[in-house]
Amino acid sequence: MPELPEVETIARQVRARLVGRTIAAVRLHWPGIAARPKGAALARSLVGAAITSVWRRGKFFVIDLTRSGEPAGHLVGHLRMSGRLYIEPSSAHPGPHTRATLALDDGSSLRFVDPRKFGRLWWVADVEEVLGSLGPEPLGSAFTRPWLAAGLRARRRSLKPLLLDQTFVAGLGNIYTDEALHAAGLHPLRSSDSLDPAAAGRLHRAIRRVLQAAIRREGSSFDTFYRTPEGRPGGYQERFLVYGRTGKPCRGCGTAITRLVVAQRGTHICPRCQPRPRGR
DNA sequence: AGCTACTCCTGGTAGC
DNA sequence: TGCTACCAGGAGTAGC
């Protein structure tokens, strides 16, 4: 499932092929992909616009648009579980799970492919309409150790659901949350307000290191869905410490990795390196 | 405030 | 072999 490193990889790869292009035609193979405005109105908002930049915020990608040099809104997208973006010649046959196609003025097309139909597209005048409630970027300058320590203390939530909460910090999903908690030696059910400054510091460092390392390897292709827009699988799944490693030895201490369910998500821990909090 | 359950979806897979 | 049942989960929502 695309999380921050996967979306970052995707944005980097499609950027070079999109910036400077004009959207010649839009086809919604499955209209439900249009979150706002609905259906054909989304397509109409895009046709004729020029792409000036492509960037990422949390797990969203953003395509900035202009008309005659004037701002013309933004195409915002979320790949959710199984979404992918890639660019191919417009003459190619779209695959069976293609949900949207943006045909460009150079004979290429951007495809939004999404077997599970959870992915969505928005066209908005102001990106804050979609991105406004997101927490800070974990690799950005606002995500400091003191900020995280204070944020953890201000809440009284289990660490895992808090880290998955996009309004707390933007971009972490199930995989990288499990990886970061393991790297920090913290149990996913630890209450956020129970961390001392040293533990908060370990978590801060773990989040940043895990995300940076995953970006360097172009994300993770644990499931069958994710490929970069250039068709390569990511490489970070080979580095997983706990995710999907149930029963295998912890790389740190050799104890078997166990799986539990936290916040309705499969959750992977080393029971020795991540001791369960006392009480509940 | 924060928890759980439910919803949206469908490819992949375990079990028979 | 072929069928069924269930699982995965990001995020929104409802209810406690």
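Order of the sequence lines fixes the chain letters, A, B, ..., with proteins taken first and strands second; residue numbering starts at 1 for each chain. Fair warning: this is a prediction, and the values are worked out from it, not measured in the lab.
Here A/Ser82 does not reach the OP1 or OP2 of B/dT10: none of its side-chain N or O atoms lies under 4.0 Å away. Applying the 4.0 Å criterion to OP1 and OP2 of B/dA1, one finds that A/Arg157 has every side-chain N and O outside that range. Contact check, A/His97 against B/dC9: no side-chain N or O comes under 4.0 Å of OP1 or OP2.
Counting side-chain heavy-atom gaps under 4.5 Å among Ile, Leu, Val, Met, Phe, Trp and Tyr, the cluster of A/Tyr86 also holds A/Val113.
Partners of A/His268 by ring pair (Phe, Tyr, Trp, His ring centres under 6.0 Å), not counting sequence neighbours, listed by chain and number: A/Tyr243. For A/Arg157, the salt bridge (Lys or Arg N to Asp or Glu O under 4.0 Å) partners at least two apart in sequence or on another chain are A/Asp165. Listed by chain and number, the residues in a ring pair (Phe, Tyr, Trp, His ring centres under 6.0 Å) with A/Phe143 are A/Trp147, A/His204 (sequence neighbours excluded). Judged as a ring pair (Phe, Tyr, Trp, His ring centres under 6.0 Å), and not counting sequence neighbours, A/Trp55 has no contacts. Remark: A/His78 engages A/Phe60 in a ring pair (Phe, Tyr, Trp, His ring centres under 6.0 Å) (not counting sequence neighbours).
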Identify all side-chain donor-acceptor contacts of residues 18-44 of chain A below 3.5 Å with residues at least two apart in sequence or on another chain.
unit_1  : atom_1 : unit_2   : atom_2 : d
A/Arg21 : NE     : A/Asp105 : OD1    : 2.7
A/His29 : NE2    : A/Thr101 : OG1    : 2.6
A/Arg36 : NH1    : A/Glu129 : OE1    : 3.1

Restricting both atoms to N or O, compile the protein contacts to nucleotides 14-16 of chain C shorter than 3.5 Å, with distance only.
none

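Straight-line distance from the CD1 atom of A/Ile33 to the P atom of B/dC9: 12 Å, rounded to whole Å.
Legend: side-chain hydrogen bond (donor to acceptor under 3.5 Å, both in side chains) pairs involving residues 119-128 of chain A, not counting sequence neighbours: none detected. For residues 246-256 of chain A, the set of pairs meeting the side-chain hydrogen bond (donor to acceptor under 3.5 Å, both in side chains) definition, not counting sequence neighbours, is empty.
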(message) Strictly under 4.0 angstrom, non-hydrogen atoms only: write out the protein contact profile of nucleotides 7-12 of chain C, one letter per nucleotide from the 5' end, B, S or -.
(response) -BBBB-
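Rounded to 10 degrees, the angle separating the terminal helix axes of the helix from B/dG2-C/dC16 to B/dC16-C/dG2, each built from five base pairs, is 50°.
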